[in-house]
Amino acid sequence: MPVPSVPAANWAGNVVFRALRVHRPSSVGELRRLVGRSRRIRALGSGHSFSRVADSEHELVRLDGLPPLVEIDTARRTVTVGGGMRYAEVAVALHRAGYALANLASLPHISVAGSCGTGTHGSGDGRRCLAAAVRGLQLTGPDGDLLELSRESRPDVFPGSVVALGALGVVTRLTLDIEPAYEMAQYVRVDVPLDEIADRFDQVFGAAYSVSVFTDWHDGAASVWLKHRTDRRRGDWAGGRAAGRALSPVPGMPADSSTEQLGIPGPWFERLPHFRPELTPGAGEELQSEYYLPRAAAPEAFAALRGIGFLLAPLLHIAEVRTVRADDLWLSPASGRDSVTFHFTWVKDTAAVPPAIAAVERLLLPMGARPHWGKLTLASAPEIMARYERGPDFARLVRSYDPGGKFGNALTDSLFRAERPE
């Protein structure tokens, strides 16, 4: 049934969905019937994408009404979760059973399926994007049929089926790799010169299990957030000075919603994100863009962004730099290359921010930047797809899985040229 009370916009409010109807089925059977009779339909996750990747001019379906599922296979060290589950929910259930995920994003309130489908990531030299943990998928196809895919059963197409922007079907289940639970401690270094980070990039980002650099690109300094696993050796880098109190990643904001710092150990899921899982964030007064670059381009990108820091800083809440290990997923922005990511959290000014994004892209796109699928970009569809070697293979996969274009929208049509239904 349509849900009239569902918000008509994404979390940030910058995308007003154009769907004629929004559905919230309470069972997979109901979802299958809905998909089978729909002309065109898209899955809507937690609404944390800033691009129009989840938009539809026809129908949207929310999956958070499906029965919650967290099914652990101890022999295979995997967990199977429902398509409507959020990381915060999954993490608590896993930890209670003595297990963990290797990585989480900054915000744990985002949906697992939506995060994996858009190539969302955390940080760490050895940490791949969240989608790389996916071992298997269950999709609802265009006729309402269920399709099971796994890395073992379909190694030929599985790497193209995870980061798929919703274009292959509605994800009803995901199976993820897990490991034994671990503890972490988080430290923050402040007043770290950007020159030091650029010159000693490998040492800085190798100093902890997960590392994030926060800056405005203008004042020449940054804070570095170091998330250490207590069961692993700490790195020896210690630039700047230790923060004497808990901080927020966004300067001037209260630290109440930030995860525990000052070296106090705690469970993995309470340290890996920047924000506490038990606190649900309100609507975001912000816009976001982000770019994955080859790791080797980091010093050049640092210098280029510092050169326009005077332009960026007045429009930024904060910018963040992280590292992501390479993976083999066709449309992952880290596909085939170790990456450094440059994230920009802008003020919510839809007139002033696009010129700033354009300035950033003029610098970073020639360095090989791939825009995050769920963030804002001014790059054209052909320009984006030229950055993916397996892009043509994915377009063929879309036509194979969904020949009528039932799961497409304006964005995916422009990227993959899937045929629109009559």
Side-chain angles (χ1 to χ4, degrees), residues 1-8 10-11 17 19 21-38 40-49 53-56 58-73 78-94 96-97 101 104-105 107-118 120 130-131 133-150 161-176 178 277 280 374 401-402 406-407 409:
M1 293 292 292
V3 183
S5 61
V6 171
N10 65 343
W11 176 71
F17 297 126
R21 289 174 295 277
V22 182
H23 304 267
R24 190 170 180 257
S26 59
S27 69
V28 173
E30 185 182 350
L31 170 66
R32 294 177 64 187
R33 291 189 292 272
L34 169 66
V35 170
R37 67 173 181 262
S38 294
R40 217 167 201 222
I41 191 166
R42 296 279 292 172
L44 175 62
S46 54
H48 282 84
S49 288
V53 66
D55 197 15
S56 173
H58 295 270
E59 295 181 272
L60 287 171
V61 58
R62 288 176 52 181
L63 303 183
D64 57 349
L66 298 181
L69 172 69
V70 181
E71 188 176 273
I72 297 172
D73 185 329
T78 62
V79 61
T80 299
V81 304
M85 301 292 288
R86 302 188 185 212
Y87 275 101
E89 301 167 316
V90 173
V92 170
L94 276 178
R96 286 175 180 163
L101 298 169
L104 289 172
L107 193 68
H109 310 85
I110 52 181
S111 72
V112 179
S115 302
C116 293
T118 54
T120 297
L130 302 181
V134 178
R135 181 87 66 86
L137 289 171
Q138 184 187 74
L139 296 170
T140 298
D143 296 325
D145 51 317
L146 291 179
L147 174 65
E148 301 279 353
L149 291 166
S150 73
S161 305
V162 185
V163 181
L165 312 189
L168 302 181
V170 178
V171 177
T172 51
R173 292 186 177 187
L174 303 95
T175 298
L176 313 173
I178 58 176
T280 303
Y401 281 36
D402 183 25
K406 177 173 284 193
F407 300 113
N409 66 2

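Using a 4.0 Å cut-off between a side-chain N of Lys or Arg and a carboxylate O of Asp or Glu, Asp55 and Arg42 do not qualify as a salt bridge.
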Go through the steps for Leu44 and Val61 under the test side chain to side chain contact (heavy atoms under 4.5 Å, CB included), then give the verdict. CA-CA 6 Å; Leu44 175 62; Val61 58; over 6 Å; no
In sequence, state the C-alpha distance, the side-chain angles, and the governing distance for Thr120 and Ile110, and then conclude on side chain to side chain contact (heavy atoms under 4.5 Å, CB included). CA-CA 10 Å; Thr120 297; Ile110 52 181; 4.2 Å; yes
Evaluate Ile178 against Leu101 for side chain to side chain contact (heavy atoms under 4.5 Å, CB included), listing each step before the verdict. CA-CA 5 Å; Ile178 58 176; Leu101 298 169; 4.0 Å; yes
Does the pair Ser26 and Leu66 meet the rule for a side chain to side chain contact (heavy atoms under 4.5 Å, CB included), with working shown? CA-CA 5 Å; Ser26 59; Leu66 298 181; over 6 Å; no
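Between the CG atom in Leu149 and the CG atom in Leu174 there is a gap of 11.0 Å [rounded to 0.5 Å]. The structure places OH of Tyr87 at 12.0 Å from CG of Leu107, a figure rounded to the nearest 0.5 Å. Taking CD1 of Ile41 as the start and NE2 of His23 as the end, the distance is 5.5 Å to the nearest 0.5 Å. Leu137 contributes atom CG, which lies 7.0 Å from atom OG of Ser161 (distance to the nearest 0.5 angstrom). Taking OG from Ser49 and CG from Asn10, the interatomic distance works out to 8.0 Å, rounded to the nearest 0.5 Å.
Of all heavy-atom pairs between Phe407 and Ala167, the closest is CB-O, 3.9 Å. When all heavy atoms are compared, the tightest approach of His58 to Arg40 is CB-O, 3.2 Å. Across Gly45 and Ser111, no two heavy atoms sit closer than the pair CA-OG, 3.8 Å. A pairwise comparison of heavy atoms in Gly83 and Leu63 identifies O-CD1, 3.9 Å as the closest pair. Between Ala131 and Val163, the closest heavy-atom pair is CB-CG2, 3.6 Å. Taking each heavy atom of Ser56 and Leu60 in turn, the nearest pair found is CB-CD2, 3.9 Å.
The main-chain N or O of Pro142 is found under 3.5 Å from a side-chain atom of Lys406 such that the two form a donor-acceptor pair. The main-chain N or O of Met85 is never found under 3.5 Å from a side-chain atom of Glu89 such that the two would form a donor-acceptor pair.
Looking at heavy atoms from C-beta onward, Asp73 lies out of side-chain contact with Thr80 at the 4.5 angstrom threshold. With contacts defined as side-chain heavy-atom distances shorter than 4.5 Å, the pair Tyr401/Leu147 qualifies.
When each of Val112, Val70, Leu69 is paired with Val79, the side-chain contact (heavy atoms from CB on, under 4.5 Å) condition holds for Val70 and for no other.
Side chains of Ser46 and His48: a donor on one and an acceptor on the other come within 3.5 Å. Between Thr175 and Thr78, the side chains place no donor N or O within less than 3.5 Å of an acceptor N or O (distance only, hydrogens not considered).
Listed by chain and residue number, Val28, Arg32, Gln138, Thr140, Thr172 satisfy the side-chain contact (heavy atoms from CB on, under 4.5 Å) test with Leu146 (two or more places apart in sequence, or in another chain).
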